[in-house]
Protein chains: 2
Amino acid sequence: MTDAALLYKIAKAYYEDGLTQDQIGKRFGLSRIKVSRLLQQARQSRVVQITITPPPDSFGDLERELEATYGLDEVIVISTPGYAQSEVVPRLGAAGAAYLARILGDQQVLDLSWGTTLLALIDALAPQNLPDLRVVQMLGGLGRLESETYGADLTIRMAQTLGARMRLLPAPGIVSSKIVRDALLEDANIAETLALAARADLAVVGIGAPAPGSVVMQAGILSEQELAELKAMGAVGDIALRFFDENGRPIAHPINDRIIGLDLEQIKRIPRVVGVAGGEGKYEVIRGAVRGRLVNVLITDEITAARLLEEKEPARALQLQA
Amino acid sequence: MTDAALLYKIAKAYYEDGLTQDQIGKRFGLSRIKVSRLLQQARQSRVVQITITPPPDSFGDLERELEATYGLDEVIVISTPGYAQSEVVPRLGAAGAAYLARILGDQQVLDLSWGTTLLALIDALAPQNLPDLRVVQMLGGLGRLESETYGADLTIRMAQTLGARMRLLPAPGIVSSKIVRDALLEDANIAETLALAARADLAVVGIGAPAPGSVVMQAGILSEQELAELKAMGAVGDIALRFFDENGRPIAHPINDRIIGLDLEQIKRIPRVVGVAGGEGKYEVIRGAVRGRLVNVLITDEITAARLLEEKEPARALQLQA
DNA sequence: TTCAATATCGTTCATATGAACAAACAAGGA
DNA sequence: TCCTTGTTTGTTCATATGAACGATATTGAA
């Protein structure tokens, strides 16, 4: 038998009056540990109810369910007026910037890949002063070798905005052959940058879903044929040009040997990988990324988030194929 | 600006998932101390609501208000069918017994005074086995010297029920003169018992309101004239035959020199004095006892309790007279 | 700009807390 | 009756927590 009136008194004294369990014990003639146990009981028996009010216009529970379902550290869901990339991307950028502002401490190494979403993120970033932070380009440049490239540009802008140091990867993201790649990797500067990138505390990456006509194709990074091959091998998209299937498993395609940048295994070893992606056409690749634990933090839109919850189970049948 | 969505997530993680502040910090990229402060904020801003449900048919809030108003460690209020002593006393006894069962540890010294309420308490007491507990008679016996007396009887019964040792005070509670009292106090046995009683951890006392026809008068302990004198001096009642006024101040009457038992100063020094009293005619004396901090724990009926809250203020004007 | 005032932040430290263990105990069955 | 089993109880200990402090950044005013 438990004395409900006593539970009430003790709970009031603890939660409302802020007395310590020891003080309560002395006052009511109980051992400290007994007070502790009675409080446990009070919580279990719902004498003490702890209610947490969700803020309006937020997706707290959706986020929490996604975190639990996919084992993510954090999911941030944003609301969007529509599902088109043009509507989603700026908001993803803003949310990503807010997230970064929250977690960025000094004395960190931050890897950056590239993509339109990350560009939006940097646009939304408020200036800071983090002199001991290093922003590292984790993937070679895009476009032509001789020009200021896309990837380097993002890294430079982010480092400037954050008042941080930077470390560039002076190489193309993708080269013509394994031989060229291996030669470039001999370069001390490139090798050191990649080594540093592999030791990063934090990486901010886009999640790509290449399609004919998308940025990756327009820039001529990938040929139509390569894309077709990758898709035939089960690829749903990429992170930092590393393609993976719908369960996040790497695709073994010769293109991998021509990329200068971290591979998926190295990326997975980074303690916190923040994936920022959403909008039309991204669902499958995002699902692959979270299933494969390629990212720890996901920032996405509400429609994608809802779809991710609807079909939670990894597609076991298709794993055989990968 | 505070991120309400973040407060929500952190509060959920802490209160529902039971994560530690440190774990939450690591997961969400915050310092442990920041999580602590955000949680504080969440409580303050009512994002986290802690509700404590009062048990049905109890007087939790009434008790708490009385505790706060009079600085008591604990107040226990019982419901009664009526206000007459006959209806109230058995329930007070049961409540007192339950209270004692809760706080009684071994290795304690428990003082006992006497009265019908304490008799009811002992009747309601469940047998226990507390070999290192000592029950001490804190006030001499009543009735005639040669007979087994009331006070000793209570002490004996309580010690037996609790499986405890006992220490009796082999003397009348009130004698004919100071000379006789002083002579009895020379007795080593009596002196030792009183010394032990003064060092008690716990005392259980009734709170008396003598009136013509009440037990104290019937037993011839007090004469009509003495009672009249005491009342004229402002007495509202007594604890263990020590009379006090409506603010709990001792009444300086010659009768004090004829009593064998602890005085009010000694009683106040006992860490925990449990006063058990209620019903008709007891309001003023109980109010005096709590105003004067003569008891730390009060067990009483709901009507008395409600009256005690109505008129909280010590009667300052009358303190001059005492 | 410079300064002062204020707020924010992390570190240190004493304290509060619950988990794991162990002892004592009660209940129930053979 | 004794023994087993489960319950309650306190002790020890590692951990979690918040208060106090000092450092740092930020804001507003001159």
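The basis for the numbers below is simple: all heavy atoms, side chains too, and nothing from hydrogens, waters or symmetry mates. Below, read A as the first sequence line, B as the second, and so on, with proteins coming before strands; counting in each chain starts at 1.
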### Task
Look at the side-chain N and O atoms of A:Y14 and state whether any lies under 4.0 Å from the OP1 or OP2 oxygen of C:dA16.
no
B:I33 CD1 to D:dT17 P, in whole Å, measures 11 Å
Among the nucleotides C:dG10, C:dA16, D:dT17, whichever has the atom closest to the side chain of B:R37 is C:dG10
Main-chain N/O of A:D73 paired with B:R27 side-chain donor or acceptor, under 3.5 Å = yes
Taking C:dG10, D:dT11, D:dT17 as options, the one with an atom nearest any side-chain atom of B:S31 is C:dG10
Residues passing the salt bridge (Lys or Arg N to Asp or Glu O under 4.0 Å) test with B:K26, sequence neighbours excluded, are B:D22
For C:dA19, take OP1 and OP2 only and decide whether either is under 4.0 Å from a side-chain N or O of A:Q40.
yes
Taken to the nearest whole Å, CG/B:L38 to P/D:dG18 is 12 Å
When rounded to the nearest 0.5 Å, the distance separating CG of A:L72 from CG of A:N296 is 7.5 Å
note: B:D17, atom CG; D:dA16, atom P; distance rounded to Å ~ 16 Å
Between CG of A:N129 and P of D:dA25 the distance, given in whole Å, is 8 Å
Separation between CD (B:Q44) and CG (B:L39), nearest 0.5 Å, reads 12.0 Å
In whole angstroms, the gap separating P of C:dG18 from CD1 of A:I24 amounts to 11 Å
Here the distance between atom P of C:dA16 and atom CG of B:L39, to the nearest Å, is 19 Å
Here the distance between atom C1' of C:dC9 and atom CG of A:L130, to the nearest Å, is 14 Å
Under 3.5 Å, is there any donor-acceptor pair linking the side chain of A:R32 to the base of D:dG10?
no
In short, B:V77 meets B:A305 closest at the heavy-atom pair CG2-CB, 3.7 Å
Where do A:K12 and B:E67 land on the salt bridge (Lys or Arg N to Asp or Glu O under 4.0 Å) test, with the steps shown first? CA-CA 13 Å; A:K12 280 269 186 181; B:E67 289 160 7; over 6 Å; no
Closest to the side chain of B:Q21, out of C:dG18, C:dT17, D:dG18, is D:dG18
Interatomic distance, CG@A:L154 vs CG@A:L112, rounded to 0.5 Å, equals 6.0 Å
- request: Kindly say if B:S36 contacts the phosphate of D:dT17, meaning a side-chain N or O under 4.0 Å from OP1 or OP2.
  value: no
Atom CG of B:L30 and atom P of C:dT8 are separated, to the nearest Å, by 15 Å
Pairs under 3.5 Å (N/O, protein and nucleotides 5-8 of chain D):
none

